[in-house]
Amino acid sequence: MIDFKQLAQEYKTPLYIYDLDYMSAQYTELKDAFKARKSILCYAVKANSNLSVVRHFAKMGSGADCVSIGEVRRAFLAGIPAYKIIFSGVGKSDDEIREAIEKDILYINLESEAELGRVELIAKELKAKARISIRVNPNIDPQTHPYISTGLHDNKFGVDLNSAKRMYIKANNSDNLDPVGIHFHIGSQLTELKPIYESAEIVADLVRSLQNIKIELKFFDVGGGLGVKYDNESLIPTYDYAQAILATLKGLDLTVICEPGRFLTANAGYFVSKVLYEKQNGEKKFVVIDGAMNDLLRPSLYKAYHKIEAITDSESEERAVDIVGPVCESGDFFAKDYLLPELKHNDLVVVHSAGAYGFGMGSNYNTRGRSAEVAVEDGKARLIRKRETFDDLIALEKEFLD
Ligand SMILES: *Cc1c(COP(=O)(O)O)cnc(C)c1O
């Protein structure tokens with residue numbers, strides 16, 4: 001059990017708290033589900049990119065799926081070996097591509113024919129042979145929130161099957177490209193197995209048709225996307241998930257790569273905030289807390305549901321309230337019409353499931369410093385990121401003040 005009161009007192013609020021033991025348990029569960037084959041879990045760094053969190057996964061043997069060169073550098077700093085680092089993303093700059101090739105990471109995930117051309121050119125300049133994978137868009141509806149769906153042709157991600165095949169042939173004939181993998185990632189917070197299975201089948205068939213023309217891949221990268229419980233979602237059991245994927249690989253000798261983000265960290269994280277005051281506008285009741293949308297954007301951005309727990313000695317009846325932050329936007333809320341008892345100044349409000357796409361989506365909007373981050377491991381808490389100060393926020397501007 002995490003002692004929110006004690007941690008809030010020690011580290012102040014707003015505060016992110018991560019249960020590293022929970023992250024380990026999730027990692028082990030998913031890794032075990034794939035044990036019938038060679039597999040690498042490449043943690044999707046964007047879900048929670050704190051160096052100590054990435055380091056924690058590095059120690060467990062994890063690789064990293066990165067979507068910017070900044071994330072690649074984080075992965076290296078955290079001790080993830082080059083041969084377990086993947087660089088994905090729909091728009092990589094020349095500098096990013098150059099650095100990824102120089103760092104000799106496992107592979108660069110290509111998302112367009114134009115990008116293949118850039119990578120080939122840059123690898124040629126460097127007199128290198130860049131390992132690549134191609135992200136295939138299987139055009140399957142993942143049945144998740146449209147903002148986090150990525151596997152339909154309407155989405156900007158990946159390339160269609162015909163383009164992918166053409167790209168593999170081109171890469172295979174190039175002196176500067178080495179096609180080693182194939183990738184798909186159809187969306188996030190997936191709770192249905194069928195779209196994953198169907199996508200894997202389509203992509204595995206493409207691997208077979210490439211084999212027929214003597215293009216032999218080594219890595220079958222199934223992306224991330226495994227859903228978690230925010231509310232009362234029914235989840236895909238990890239064993240079923242792995243089995244469905246492995247079933248599509250009959251006769252193929254490939255290492256499976258899986259890129260979980262949310263699954264590993266979401267429910268390991270808590271966002272702890274203090275009640276400033278309550279207020280009432282007409283019939284509507286509000287609880288104003290010291291955390292805001294600049295700390296945790298998901299409710300504002302996706303209307304995402306997060307379970308909220310009040311830590312109080314209040315014994316009043318629960319009533320429906322909107323839980324809002326101090327930022328000057330009507331969209332600055334954590335929950336609407338949520339049942340909580342009457343709260344007093346300095347009571348705590350704990351937002352659950354805040355370990356993925358929480359801190360990392362934060363900003364300094366309204367000149368608010370980002371929260372501190374604390375890790376809890378083996379019952380012990382430690383600071384893993386300092387609270388940002390006003391001086392931090394103006395550091396890059398103040399020299400220009402005339
Ligand atoms: C975001 C992302 C992931 C991780 O997604 P989750 O839903 O957090 O598991 C994995 N792979 C790629 C390419 C991504 O863009």
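Residues: numbered from 1 along the sequence shown. Ligands are counted one by one from 1 in listed order, and the atoms in each one are counted from 1 as well.
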Proximity of [X] and [Y] rings by center, below 6.0 Å:
| X | Y | value |
| --- | --- | --- |
| Tyr16 | Tyr270 | no |
| Tyr230 | Tyr305 | no |
| Phe334 | His306 | no |

Gap separating the NZ atom of Lys165 from the CD1 atom of Ile134, nearest 0.5 angstrom: 12.5 Å
Parallel, tilted or perpendicular: ring planes of Tyr241 versus Phe34, cut at 30 and 60 degrees: perpendicular
Residue shell around ligand 1, heavy atom under 4.0 angstrom: Ala44, Lys46, Asp65, Arg135, His183, His185, Ser188, Gly224, Gly225, Glu259, Pro260, Gly261, Arg262, Tyr357
Pairs flagged by side chain to side chain donor-acceptor pair (under 3.5 Å) wherever residues 114-125 is involved - sequence neighbours left out: Lys92-Glu115, Asp94-Arg118, Glu120-Ser174
